[in-house]
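Accompanying notes for the structure given below.
Predicted model, so just to flag it, every value in this text is computed and none were measured. Chain naming here is simple, since letters A, B, ... match the order of the sequence lines and numbering starts at 1 in each.
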Amino acid sequence: MHPYRTHTCNELRKEDAGKTVRLSGWMFRLRDHGGILFVDLRDHYGITQIVVHPSRSFFGLVEKAHLESVITVTGEVKLRDPETINHDLPTGEVEIEANELVMEGVSGVTPLYIPDEKAEESEEMRLKYRFLDLRREKLHNNIILRSQVIRFLREQMWAKGFNEFQTPILTASSPEGARDYLVPSRIHRGMFYALPQAPQMFKQLLMVSGFDKYFQIAPCFRDEAARADRSPGEFYQLDIEMSYATQDEIFAVVEDVVGKTFAKFSTWQCNAAPWPRIKYRDAMMVYGSDKPDLRNPLKWFDMSDFFRRANFKAFAACVENGGLVKGLLVKGIVGVEARQGTRLHLLDEGRRAEGTDREVPLARAA
RNA sequence: GGGGUGUUGGGCCAGUGGUCUACGCCGCCGGACUGUCGAUCCGGUAUUUCACGGGUUCGAAUCCCGUACACCCCGCCA
């Protein structure tokens, strides 16, 4: 018999009843009834209930063990009585009656309580004990999701005939917008490598060498400040390059790959291809941004004609000098004081993360 | 770089200048219990202490100033 396991913790079903099996995993939960112990044994795949009877030599060992200790259990797969079936577990129709038990790794009391999925420890605590936080189902699944998304992106790009290339990490600074990360060189004293902000130069080198269609899940490094939705330092992007392609052909590839990826991994609604196309000038005029968030219902209206004739010289002068005066239509604020300089907090229907509501001027000159 | 908010026992948090010898939940420890699955029930637990330093006050977790750290926003991010 394999020294650690014959099955994973998400494998055994009622058809396996009667088999002698061996499982290894973490003690996720312990229910101590004095005369009988129930251990929820957890591994990457799932949870299986282990039953320990008081006649077993290791009964006391399990009873006193801290959660998250790692054990190997050998025993018989037993059908559960109908009234004790746990319908929340795929393995809930069976349990393992432990006959042998090896304590592989004794755990101390963990600073995070792993079974509590609703816990909201500070970011500092969760990062300090990252190896514990990642044991929790939600974060564990996030890591798996990322793996699957990246695999799916690769499969689609390969299927479309793109070649995947790696490009150097230690390189020279290129004239892009962000600050570079620098790595001191031992060979060239006093000199530094820069980490690539994007694979731009290498990608172009490959294209002029005739490789026709390129993609990379490209690591990018930019030494810029973090944000709530933006980790500092590094990120990965699906980088695509095509030869002899029209703009619409490139859009079609992106719409297909990104659309299918969201359809496969997300329950969020994604536009069917072709996606709405917004000209740069229109985006800037209507949304004030070249990357507008279309969930935000507020649009800028051109009020230049009105203010040209209005009695407010600052705005009228702006229009006379070729500028624009624009306004937002904000409903439900009648009675709110709107003297010059007042700004409104627009909560945007609660979509934004807490504390990130933005201040928007009622009117502005541009 | 600028601004805002916050920091309370192992974790999450409550806490109007005196009723704080600081509440609750979780954890943890001890006890009971042979069918639970967030087990249950009983009892206990935590440098008289509220990030640190100083100040106001008869009296500070609570008010003021400074420092440190954290988070968020702006700047920044082709």
* Let me know the distance between CE of A:M201 and C1' of B:A78, rounded to the nearest Å. => 13 Å
* For atom P, what is the distance between B:U7 and B:U45, given to the nearest Å? -> 27 Å
* To do: Identify whether the distance between the nearest side-chain nitrogen and carboxylate oxygen of A:R31 and A:E95 falls below 4.0 Å.
  => no
* Length of the CD-C1' vector between A:E137 and B:G38, whole Å -> 14 Å
* Nearest-Å distance once atom C1' is located in both B:G66 and B:C26 -> 36 Å
* RNA chain B: 5'-proximal contact among A:N86 and A:R222 (nearest heavy atom) -> A:N86
* **Whole angstrom value for the distance that separates C1' of B:C28 from CG of A:D116** => 15 Å
* Calculate the interatomic distance between A:K203 atom NZ and B:A78 atom P; express it in whole Å. => 13 Å
* Quantified in whole Å, what is the P atom distance between nucleotide B:G31 and nucleotide B:A14? -> 35 Å
Protein and nucleotides 3-14 of chain B: nitrogen or oxygen contacts under 3.5 angstrom:
from  : atom 1 : to     : atom 2 : distance (Å)
B:C12 : OP1    : A:S122 : N      : 3.1

* **Option from A:R130, A:R136, A:R126 for which salt bridge (charged side-chain N to carboxylate O under 4.0 Å, His left out) with A:E121 holds** => A:R136
* **Pair A:D248 + A:R277: basic N to acidic O under 4.0 Å** => yes
* To do: Represent RNA chain B in dot-bracket notation, 5' to 3'. Only Watson-Crick or G-U wobble pairs with both distances under 3.5 Å count; pseudoknot-style crossings use [ ] and interstrand partners use |.
  => ((((((((.[[[..)..(.....]]]((((((.......)))))).....[[[[[..)....]]]]])))))))....
* B:C37 and B:U8: how far apart are their P atoms, nearest whole angstrom? -> 34 Å
* Does NZ or CZ of A:K264 fall inside the cone over A:F152's six-membered ring, less than 6.0 Å from its centre and within 45° of the axis? -> yes
* Asked: So with a 6.0 Å cut-off around CD of A:E249, is the heavy-atom count from everything else above 12?
  -> yes
* To do: Mark yes or no for whether A:D302, through its side chain, and A:S304, through its backbone, hold a donor-acceptor pair below 3.5 Å.
  => yes
Under 3.5 Å between N/O atoms: give me all the protein pairs with nucleotides 29-36 of chain B, atom names plus distance.
from  : atom 1 : to    : atom 2 : distance (Å)
B:C29 : OP1    : A:H66 : NE2    : 2.8
B:C33 : N3     : A:D32 : O      : 3.4
B:C33 : N3     : A:G34 : N      : 3.2
B:C33 : N4     : A:G34 : N      : 3.4
B:G35 : N1     : A:E95 : OE2    : 2.8
B:G35 : N2     : A:E95 : OE1    : 2.5
B:G35 : N2     : A:E95 : OE2    : 2.9
B:U36 : O4'    : A:H33 : NE2    : 3.2
B:U36 : O2'    : A:R31 : NE     : 3.4
B:U36 : O2'    : A:H33 : NE2    : 3.3
B:U36 : O2     : A:R31 : NE     : 2.6
B:U36 : O2     : A:R31 : NH2    : 3.3
B:U36 : O2     : A:Q49 : OE1    : 3.3
B:U36 : N3     : A:Q49 : OE1    : 2.9
B:U36 : N3     : A:Q49 : NE2    : 3.0
B:U36 : O4     : A:Q49 : NE2    : 3.0
B:U36 : O4     : A:R80 : NH1    : 3.0
B:U36 : O4     : A:T84 : O      : 3.4

* Could you work out the separation of B:U67 and B:G27 based on their P atoms and round it to a whole Å? => 41 Å
* **Interatomic distance at P, B:G43 relative to B:G6, whole Å** => 38 Å
* **For atom CG of A:L41 and atom P of B:C37, their distance in whole Å** => 19 Å
* Do A:E100 and A:R56 meet the salt-bridge criterion of a basic N to acidic O distance under 4.0 Å? -> no
* Starting at CZ of A:R126 and ending at C1' of B:C71, how long is that distance when rounded to a whole Å? -> 13 Å
* **Atom pair distance, as rounded to whole Å: CZ in A:F28 and P in B:G27** => 13 Å
* Interatomic distance at C1', B:G38 relative to B:C23, whole Å -> 23 Å
* Hey, is NZ on A:K160 packed in by over 12 heavy atoms from elsewhere, all under 6.0 Å? -> yes
* **Rounded distance in Å - CZ (A:R136) to P (B:G27)** => 13 Å
* Asked: Looking for any heavy atom pair under 4.0 Å, which part of the strands does A:A225 touch: base, sugar-phosphate only, or nothing?
  -> base
* To do: Quote, to the nearest angstrom, the C1' distance that separates B:U57 from B:G3.
  => 32 Å
* Kindly say whether the aromatic ring centers of A:Y214 and A:F162 come within a distance under 6.0 Å. => no
* Counting heavy atoms not belonging to A:Y181, are there more than 12 under 6.0 Å from its OH? -> yes
* A:R151 and A:E155 ion-paired at < 4.0 Å -> yes
* **N or O in side chain of A:Y113 less than 4.0 angstrom from B:G27 OP1/OP2** => yes
* To do: Can you label the angle between the A:H33 ring and the A:F38 ring as parallel, tilted or perpendicular, going by 30° and 60°?
  => perpendicular
* Determine yes or no for a side-chain-to-main-chain donor-acceptor pair under 3.5 angstrom, with A:S243 supplying the side chain and A:D212 the backbone. => yes
